[in-house]
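Below: one structure, written as structure tokens.
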Amino acid sequence: MEQKENILLKIGSILILAGGLVSGAIAIFNSVATMAAISSLDNSTMAGLEAYVQQESGGAFGADSAVGLVNVVAIVAIGFTVIMMIIDLVVGLMGLSRCKQPKKYKFFLVWGIILLALGLFGLGSLFTLQGAIAALGSIVGPVLFIVGSLQQNKAANAEQTEAQ
């Protein structure tokens with residue numbers, strides 16, 4: 001029996017793949033730009049930052065500590081972004097290869113729920129370019145996965161009923 005491709009799963013896979021990679025690339029660019037900007041502060045700006053940090057920390061920290069902390073946060077953000085990009089790449093490609101297989105509905109349901117839960121954390125930046133692109137990959141794509149998986153489950157049950 002010829003398997004019909006589930007268009008919702010195909011679109012969801014493409015959105016997760018493209019949305020995850022594009023928004024991840026933007027996030028990495030932004031983190032690198034932040035690191036470059038903070039590393040290129042001139043002497044007068046560093047002196048002002050030194051005075052401010054000293055005042056706010058009660059003399060416990062200086063500008064070098066603040067710059068180092070910003071760089072560490074940016075590197076950690078890049079690390080998390082790369083991990084999410086890998087997950088989006090793998091799930092998107094596997095989704096594209098499985099959208100004709102009704103018995104694989106659990107894959108789409110589980111990953112749809114996981115990615116949707118993770119995507120809800122990014123709703124605060126929804127009104128930015130990166131946020132809008134990320135919403136396609138982390139909200140719309142997983143919702144299509146969930147709806148498509150329910151359709152696939154129905155098709156798998158119908159297929160099993162016909163076989164009996």
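Note that this is a predicted model, so its numbers are computed, not measured. Below, all heavy atoms of this structure are taken into account, side chains as well, without hydrogens, waters or symmetry copies.
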(message) Between Phe80 and Leu89, is there shared hydrophobic-cluster membership here, with clusters defined by ILVMFWY side-chain heavy atoms closer than 4.5 Å?
(response) no
(message) Does Thr34 form a side-chain contact (heavy atoms from CB on, under 4.5 Å) with Val73? I'd like the steps, not just the answer.
(response) CA-CA 10 Å; Thr34 299; Val73 169; over 6 Å; no
(message) Looking at Ser97 and Met94, would you say the former's side chain and the latter's main chain have a donor-acceptor pair under 3.5 Å?
(response) yes
(message) If I take atom CG from residue Leu17 and atom CG from residue Leu96, how far apart are they, to the nearest 0.5 angstrom?
(response) 6.5 Å
(request) State, yes or no, whether a side-chain contact exists between Leu9 and Gln151 at a heavy-atom distance under 4.5 Å. (result) no
(request) Using a 4.5 Å cut-off on heavy atoms from C-beta on, say whether the side chain of Ile139 contacts that of Leu116. (result) yes
(message) Taking atom CZ as the centre, does Phe61 end up with more than 12 heavy-atom neighbours from other residues, nucleotides or ligands that are less than 6.0 angstrom away?
(response) no
(request) Report yes if the side chains of Pro142 and Ile16 come closer than 4.5 Å at any heavy-atom pair, otherwise no. (result) yes
(request) Using the rule that two of Ile, Leu, Val, Met, Phe, Trp, Tyr join whenever any of their side-chain heavy atoms come within less than 4.5 Å, decide whether Phe29 and Ile75 are in one cluster. (result) no
(request) State, to 0.1 Å, how close Gly92 and Ser13 come at their nearest heavy-atom pair, and which atoms those are. (result) O-CB, 3.5 Å
(request) Indicate the atoms forming the closest heavy-atom contact of Gln54 with Gly62, along with that distance. (result) NE2-CA, 3.6 Å
(request) Starting at NZ of Lys103, measure out to CG of Asn153 and round the result to the nearest 0.5 Å. (result) 12.0 Å
(request) Quick one: pull up OG in Ser149 and NZ in Lys154 and give me the separation to the nearest 0.5 Å. (result) 11.5 Å
(message) What's the separation between atom CE in Met84 and atom CG in Leu118, rounded to the nearest 0.5 Å?
(response) 5.0 Å
(request) With the side chain counted from C-beta on, respond yes when Ile114 and Ile87 share a heavy-atom pair under 4.5 Å apart, and no when they do not. (result) no
(request) Measure the acute angle between the ring planes of Phe108 and Phe145, then classify it against the limits of 30° and 60° as parallel, tilted or perpendicular. (result) perpendicular
(message) Working to the nearest 0.5 angstrom, can you tell me the gap between Leu8 CG and Cys99 SG?
(response) 10.5 Å
(message) Between Ile11 and Val140, is the side-chain contact (heavy atoms from CB on, under 4.5 Å) condition met? List the steps.
(response) CA-CA 10 Å; Ile11 292 170; Val140 178; over 6 Å; no
(message) If I compare all heavy atoms of Asn71 with all of Ile38, which pair ends up nearest, and what's the gap?
(response) OD1-CG2, 3.7 Å
(message) How close do Lys100 and Gln152 get, counting heavy atoms only, and between which atoms?
(response) C-NE2, 4.3 Å
(request) Say whether Val32 and Val67 are linked into one hydrophobic cluster, either directly or through other cluster members, by side-chain heavy-atom distances under 4.5 angstrom. (result) no
(message) Does atom CG (Asp42) have a neighbourhood of more than 12 heavy atoms from anything else shown, all under 6.0 Å?
(response) yes
(message) For a quick test of reading the model, state the closest non-hydrogen atom pair linking Glu50 to Asp64 and the distance between them.
(response) OE1-N, 4.3 Å
(message) Please determine whether residues Leu15 and Leu150 belong to a single hydrophobic cluster, defined as Ile, Leu, Val, Met, Phe, Trp and Tyr linked transitively by side-chain heavy-atom distances below 4.5 Å.
(response) no
(message) For a quick test of reading the model, state the closest non-hydrogen atom pair linking Gly20 to Asp88 and the distance between them.
(response) CA-OD2, 3.1 Å
(message) Is there a continuous path of hydrophobic side-chain contacts, each under 4.5 Å between heavy atoms, that joins Val147 to Tyr105?
(response) no
